[in-house]
2 protein chains.
Amino acid sequence: MTGKGTLNQQTRDRIRALAAEHGFRLNVAAQNLRLGRTGAIAVLLPLGHERAQHLSDPFLSTMIGHLADALSDKGYDLLLSRVLPEEDHWLEEFVVSGRVDGIIVIGQSDQNDVLNRAATHYRSMVVWGAYDPDNMYTTVGSDNFAGGMMAARHLLQRGCKTMAWFGHGDAPEFQARKTGFLAGLPDELRKNVEIIPIPITPEGSHAAAQAYFTLGHRPDGVFAASDVAAMSVCAAATQNGISIPDDMAVVGFDDILLARYASPPLTTVRQDIESGARMLVDLLTRRMAGGDTQSVQFAPRLIVRESA
Amino acid sequence: MTGKGTLNQQTRDRIRALAAEHGFRLNVAAQNLRLGRTGAIAVLLPLGHERAQHLSDPFLSTMIGHLADALSDKGYDLLLSRVLPEEDHWLEEFVVSGRVDGIIVIGQSDQNDVLNRAATHYRSMVVWGAYDPDNMYTTVGSDNFAGGMMAARHLLQRGCKTMAWFGHGDAPEFQARKTGFLAGLPDELRKNVEIIPIPITPEGSHAAAQAYFTLGHRPDGVFAASDVAAMSVCAAATQNGISIPDDMAVVGFDDILLARYASPPLTTVRQDIESGARMLVDLLTRRMAGGDTQSVQFAPRLIVRESA
DNA sequence: CTGTTAGCGCCTTCAA
DNA sequence: TTGAAGGCGCTAACAG
């Protein structure tokens, strides 16, 4: 039935015809048991410092959709799991549970140590997130530093003088965006950049922006850690009588579907999520086959719309 | 190990301790093979007339997130699959493939016949979508008709006189929203309601709204089939110099996370997606256990913000 | 209350 | 080239 093994083609055809006639199908569970595999890949979402982050986050859900497609193309099922890393053993627990043949982790969160530890004795894992030469594990991600720089250059070019960064600081992806942003600014502007720490949810970022604008702050250029954050900042600004982009220019990150249809349409740094998902699956299957892999970084692209 | 069967508690504890000591774990694949089950539930997304609809649609992704949580609480894995119903056999193919113990279908799309056919000989299936007494299958969904009426009443109360409906017509959920909306209007207004067919994607609905406003149409009240559509309509309106809510009031449907932080914050008919997901899983497990189930409809709630 | 045993459906090896 | 048999790790039935 599988097409493997030594068998006369006509015998094979005969068996197949018989199978079709009787509605016989291979039992995948038994096949997997015998083959010592599970046929499933886990997609793990560690919610380290941001346990409120919801699967409905547009970036995450887009990623999961593309992952589902890429995995099913290779015959794998997708086992979706959100993990609250209460203790340090969650990943190793998951590995030894043997429920899956491989693991894709979305975002390092603050779980760098856990990931490195697992990577020393478990091959079949890849991670979406920031590249760091010290990591033991293979990552796929955007060049967040370069993306941050693009945002800085664009705001500079528009003539912005007083800048603000709205972001969640802990995860390395977001750190790199911030660092890149700061690096893209001339010294005299850099030291005056206001760093506004915000939660990852739209609720949280909106509240933080509200508080910030209510205190009277009026930067003329804002770089936000994500499009969701940028949209919340825009909403809060508008509610405080700040006009975008005339009074304040806003640049987001991700280029989620809605960014284009926000009001005003969002200028943002685009990540190619679909390519990222395919690459993750590619590298994972290569690792599962015993091959070696290197981390990859995608170059982001600035999409200029109306908000900046 | 499973805690079932007749066994002295101390013997059981001894075995468990031994297992922990040696790192022994039950092999789920073998367990499932022996038990004749798979331990997985499929979540199927039929993309009938709207194959462009993407998993990144905020409603869908929120639903999937809650489903993932509800299923993992019951020990099931979630097998995610988008299906393009090219031919009529996709569901039956899936059923006989035996890859899962039960099926949750999200949205009837235009696949009513297929669902009914499958339901006659397959119990372990529930469907998110519109209730119809003629359906052979169990549905869970919002009372879309009532939701549409709420939108109508609210716009009336604001004094709107010329109304428009932006929606995708084919799926029964959206039909019911429209019918409820029309039913909630007095006769003289109802006959003048403009029906604007739009695709389900933000791109498509934005383009349709653009075209509509460019032609000079200026309704003072709009009900959109979803929040995503409503946000696109708002964006297009703003670009055409229409001020919301002063020139035109807009009511959406769903209450996705971003609705509250859109500009202006969206007035919308809220569906409780989390309760819906839990109910789907509840009913499904009850059906898998051989029990009988009835369809349920959740009452939606109008959330008044600034867009109307 | 505990220990033994027969298979769940498949794939691989080995013998014919 | 084909057929037969063993065993993947588990659970349920049965015997002790």
Within the 4.5 Å heavy-atom criterion, are B:W128 and B:L45 side-chain neighbours or not? no
Considering only nitrogen or oxygen atoms on both sides, find all protein atoms under 3.5 Å from nucleotides 10-12 of chain D and state each distance.
from   : atom 1 : to    : atom 2 : distance (Å)
D:dC10 : OP1    : B:R25 : O      : 3.4
D:dC10 : OP1    : B:N27 : N      : 2.5
D:dT11 : OP1    : B:Q31 : NE2    : 2.6
D:dT11 : O2     : B:R34 : NH1    : 2.1

For A:Q31 and A:N27, which I'm curious about, is there any donor-acceptor pair between the side chains at under 3.5 Å? no
Hits for side chain to side chain donor-acceptor pair (under 3.5 Å) against B:Q10, two or more places apart or cross-chain, chain-then-number order -> none
Roughly, in whole Å, what's the span from CG in A:N32 to C1' in D:dG7? 16 Å
Salt bridge (charged side-chain N to carboxylate O under 4.0 Å, His left out): pairs with one or both residues in residues 92-105 of chain B, sequence neighbours excluded: A:R25-B:E93, A:D77-B:R99, B:E92-B:R117
SB check A:K74 A:D282 (cutoff 4.0 Å): yes
List the residues meeting side chain to side chain donor-acceptor pair (under 3.5 Å) with B:S81, not counting sequence neighbours, and say none if there are none. none
Any residue meeting salt bridge (charged side-chain N to carboxylate O under 4.0 Å, His left out) with A:R34, in chain and number order, not counting sequence neighbours: none
Name all pairs fulfilling the salt bridge (charged side-chain N to carboxylate O under 4.0 Å, His left out) condition that reach into residues 119-139 of chain A, sequence neighbours left out, sorted by first residue then second. none
Pull out every protein N or O sitting under 3.5 Å from an N or O of nucleotides 14-16 of chain C, one pair per line with the distance.
none

Any donor-acceptor N/O pair, B:S109 side chain to B:Q111 backbone, under 3.5 Å: no
Output yes when a side-chain donor or acceptor of A:Q108 lies under 3.5 Å from a complementary backbone atom of A:A130, and no otherwise. yes
Axis-to-axis angle across the helix from C:dC1-D:dG16 to C:dA16-D:dT1, five pairs each end, nearest 10 degrees, ~ 50°
With B:D73, which residues qualify under side chain to side chain donor-acceptor pair (under 3.5 Å), at least two apart? B:R278
Salt bridge (charged side-chain N to carboxylate O under 4.0 Å, His left out) with A:D272: which residues, sequence neighbours excluded? none
What's touching nucleotides 1-4 of chain D from the protein side, N or O pairs under 3.5 Å?
from  : atom 1 : to    : atom 2 : distance (Å)
D:dT2 : OP1    : A:T11 : OG1    : 2.5
D:dT2 : OP2    : A:N8  : N      : 2.9

In whole Å, I'd like the distance from the CZ atom of B:R37 to the C1' atom of D:dG9. 13 Å
Figure out the CZ/P separation between B:R99 and C:dC10, and round it to whole Å. 16 Å
How would you list, by chain and number, every residue that makes a side chain to side chain donor-acceptor pair (under 3.5 Å) with B:Q271, sequence neighbours excluded? B:S142, B:D254
